[in-house]
Novice: 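Pasting in a structure now, in structure tokens, and then I'll have a few things to ask.
All values derive from a computational prediction rather than experimental measurement. What you see below is based on every heavy atom in this structure, not just the backbone, and it leaves out hydrogens, waters and symmetry mates. Atoms within each ligand, like the ligands themselves, are counted from 1 in listed order. Starting from 1, each residue takes its place in the sequence as its number.
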Amino acid sequence: MINSYKVYLLLFLLIVNSCESFIKRPVKAAVVSARKEASDIGIEIMSKGGNAFDAMIATGLALSVCYPNAGNIAGGGFLVYRTYDGKYGSLDYREKAPLLANRDMYLDSIGNILPEKSTLGGLAIGVPGTVAGLFEVHKKFGSLSWETLVEPSIRLAKIGYTVTKKQKKSFDSNRDKFIEINGKNTFYGKNFKIGDKISNLEYANTLELIKKYGKSGFYEGINAERFINSVKQSGGIISKDDLLAYSPVWRDPIQFKYKDLLITSMSPPSSGGVCLGQLFKMIEPYNIGQYNHNSSESIQLMVEAERRSYADRSEFLGDPDFFDVPTNQLLDSIYLINRMSDFNWNQASLSTDIKYGELSIRESDETTHYSIIDKYGNAISVTTTLNGSYGSKVYVEDGGYFLNNEMDDFSSKPGSPNMFGLLGNEANSIHPEKRMLSSMTPTIVEKNKKLYLILGSPGGSKIITSVFQTIINTYEFKMNIQQAVSSSRFHHQWMPDEIIFEPNKFSDYLIDDLKSKGYLINLDKSTSIGRVDAIMVDENGFITCGADPRGDDFASYFRQ
Ligand code: GLY
């Protein structure tokens with residue numbers, strides 16, 4: 001009897017443990033990121049007395065060790081925060097175009113786009129912002145020493161991280177490119193197996209430099225030499241002057257209301273906040289909660305808003321330091337109501353009939369997002385990227401890290417189709433020291449003046465729609481945060497004019513119904529959409545997390 005009681009108790013505890021993120025528990029702090037090792041390091045820092053900003057730095061560096069396809073020190077990102085006492089801000093540590101860049105750098109002598117120049121190899125690399133960004137966060141908000149925050153990632157790089165099934169697939173599908181760009185002896189050219197431990201001693205040494213010299217450990221000295229050599233060898237144009245000139249920028253985030261929510265997200269040079277604001281304001285008059293989740297009606301409404309917002313994105317959004325972005329007009333309620341005035345429940349709009357029919361959206365699934373809350377109530381939403389998976393694939397062999405290919409987020413040829421068949425424009429044309437347009441959407445939501453959600457996603461142009469759907473799922477369709485994150489997604493980005501659905505998640509009946517109303521659906525492009533990592537705080541202050549099952553994402557908690 002006692003034995004069977006014990007077995008039941010054990011089973012119960014096992015189930016409770018494995019459903020961690022589904023269950024409301026009185027946790028003090030949480031980190032949700034793409035990898036368990038990184039979330040755990042964030043918690044380790046908070047258990048040493050660090051705040052959410054300290055944890056943000058440590059988690060970001062840990063991702064650069066164990067999630068090298070997107071976690072990085074040679075990429076860039078955006079951070080949105082809300083302090084415990086309700087103050088908001090955001091940091092732009094996006095990459096910049098090198099001083100020697102020019103708007104035609106990816107065109108041949110007769111103006112045709114040179115294939116792969118903006119995605120693969122040295123010319124694709126933007127001047128990285130990550131280390132400067134993390135250092136800036138520490139300067140303004142850090143409470144533990146910089147060394148304390150870097151140390152756990154040095155330890156992880158030395159001990160090694162475990163190759164997961166998904167990670168092996170990712171290494172396998174990129175290995176040929178790693179070797180093509182870096183030679184057959186390149187570190188990630190090895191055939192890693194599931195369960196292997198990868199320790200990266202060169203990278204541990206690079207992190208030691210960053211630990212000892214802070215920002216200068218990356219942008220100056222030995223690391224700068226190594227970085228520049230790798231860039232040059234792979235055909236790039238970044239110079240020491242570029243590295244020395246880089247600095248991140250504190251920017252006012254975008255804020256807008258949706259019913260009783262106050263939503264805060266990233267401002268340009270990310271399109272995330274502006275587009276998210278447009279989407280919510282366009283659907284607000286229709287009370288989407290009256291329809292079922294992922295019904296024809298709710299999909300139609302969201303798709304039509306997406307079509308119009310992404311059209312505006314193509315025309316009006318770029319780096320505000322170089323282009324006058326009309327943010328207030330784009331978020332004007334009357335403008336957005338008018339934008340939806342030709343929406344018809346019985347007949348899909350055609351993207352070719354929607355103004356600004358030329359756009360510059362490139363897709364990249366290989367960004368990464370993490371969300372953090374600390375015991376004081378500070379909330380941080382961070383999205384960071386190398387752009388493509390493992391960025392430009394250029395690997396600094398003696399430094400142990402990959403370099404971004406963020407230059408591909410510019411429009412290579414304004415007004416003409418790029419190599420992906422998409423169109424670009426002046427707002428996002430290439431210029432020395434300009435930041436390329438992003439879709440990253442780190443977001444914080446307040447409900448009735450209290451912190452409610454911290455979330456974001458990777459997924460290139462699909463980031464914005466993934467964040468949009470997750471907020472709608474919790475607020476309008478009353479899902480808990482894990483359901484809201486796990487729930488199947490769809491996407492429309494104006495051009496190409498097609499709805500993409502996640503595979504095998506939407507019924508034939510639903511798809512036929514949408515087709516009968518004129519919606520163009522491309523099932524051949526069915527793919528996993530976004531990887532949202534989110535934290536929810538309910539009205540009683542309980543913290544729950546949603547870690548996206550599409551990846552190896554993991555929520556770690558701190559209780560005391
Ligand atoms: N590199 C993807 C983005 O910034 O949207």
Side-chain angles (χ1 to χ4, degrees), residues 34 60 63-64 67-72 74-80 90-97 106 118-120 124-130 133 248-249 251 254 265-276 279 306 309-310 313-314 317-320 325 359-370 381-393 402-412 418-420 422 424 427-428 430 434-443 455-468 491 493-494 527 529-532:
L63 285 167
S64 76
Y67 196 62
N69 55 319
N72 66 82
F78 298 101
L79 165 160
V80 171
S90 65
L91 182 68
D92 163 1
Y93 55 100
R94 181 71 161 164
E95 299 92 326
K96 293 170 85 167
Y106 299 117
S118 67
T119 56
L120 196 63
I125 306 167
V127 183
T130 298
V249 186
R251 296 192 190 272
I254 297 289
S265 193
M266 194 62 216
S267 50
S270 180
S271 58
V274 170
C275 289
L276 196 65
L279 295 175
E306 286 164 11
S309 178
Y310 278 79
R313 179 194 194 275
S314 74
L317 292 178
D319 182 347
V325 179
L359 114 134
S360 63
I361 296 163
R362 309 285 184 81
E363 297 196 17
S364 156
D365 291 322
E366 299 301 342
T367 296
T368 191
H369 177 83
Y370 55 108
S381 185
V382 192
T383 315
T384 181
T385 190
L386 288 167
N387 192 22
S389 197
Y390 311 94
S392 60
K393 315 289 191 287
F402 284 103
L403 305 183
N404 72 78
N405 63 344
E406 218 69 61
M407 290 297 285
D408 192 54
D409 271 346
F410 279 118
S411 302
S412 294
N418 65 20
M419 61 187 173
F420 301 114
L422 297 169
N428 192 32
I430 304 171
K434 187 175 174 182
R435 288 165 153 93
M436 52 298 279
L437 184 60
S438 172
S439 297
M440 291 191 268
T441 314
T443 298
L455 78 166
S457 179
S461 60
K462 299 187 185 89
I463 293 174
I464 301 165
T465 49
S466 298
V467 171
F468 181 43
H491 173 77
Q493 60 175 46
W494 176 56
T527 178
I529 295 176
R531 264 155 86 165
V532 175

Novice: Please list, in number order, the atoms of ligand 1 under 4.0 Å from a heavy atom of Met440.
Specialist: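 Numbered from 1, ligand 1 contributes 4 (O), 5 (O).
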Novice: Apply side chain to side chain donor-acceptor pair (under 3.5 Å) to residues Thr465 and Glu306 and explain how you reach the verdict.
Specialist: CA-CA 8 Å; Thr465 49; Glu306 286 164 11; 5.0 Å; no
Novice: Tell me, with the steps shown, if Ser271 and Arg313 meet side chain to side chain donor-acceptor pair (under 3.5 Å).
Specialist: CA-CA 7 Å; Ser271 58; Arg313 179 194 194 275; 2.8 Å; yes
Novice: Can you name the atoms of ligand 1, numbered from 1 with element, that are less than 4.0 Å from a heavy atom of Asn387?
Specialist: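 Matching atoms, with element in brackets: 1 (N), 2 (C).
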Novice: Starting at CD1 of Ile254, measure out to OG1 of Thr441 and round the result to the nearest 0.5 Å.
Specialist: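 Those atoms lie 11.0 Å apart.
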Novice: Looking at ligand 1, does any of its N/O atoms fall within less than 3.5 Å of an N/O of Ser438?
Specialist: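 It does: an N or O of Ser438 is found under 3.5 Å from an N or O of ligand 1.
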Novice: Under 4.0 Å from ligand 1, counting heavy atoms only, is it the side chain of Glu406, its backbone, both or neither?
Specialist: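 Near ligand 1, Glu406 shows its side chain, while the N, CA, C and O stay back.
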Novice: State the CD-CG distance between Glu95 and Asp409, to the nearest 0.5 angstrom.
Specialist: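 So the CD of Glu95 and the CG of Asp409 are separated by 8.5 Å.
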Novice: What distance do Asn387 atom CG and Asn72 atom CG have between them, rounded to the nearest 0.5 Å?
Specialist: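 Taking CG in Asn387 and CG in Asn72, the distance rounds to 11.0 Å.
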Novice: Taking distance alone, with N or O pairs closer than 3.5 Å, would you say Thr367 contacts ligand 1?
Specialist: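 Looking only at distances, the answer is no, because the N/O contact criterion of under 3.5 Å is not met.
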Novice: Working to the nearest 0.5 angstrom, can you tell me the gap between His369 NE2 and Thr385 OG1?
Specialist: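 If we round to the nearest 0.5 Å, His369:NE2 and Thr385:OG1 are 13.0 Å apart.
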Novice: Within the 4.0 Å heavy-atom shell around Arg94, which atoms of ligand 1 are there?
Specialist: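 Listed by number with element: 4 (O).
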Novice: Which part of Asp409 is near ligand 1, with near meaning a heavy atom under 4.0 Å away: side chain, backbone, both or neither?
Specialist: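 The part of Asp409 near ligand 1 is the side chain, not the backbone.
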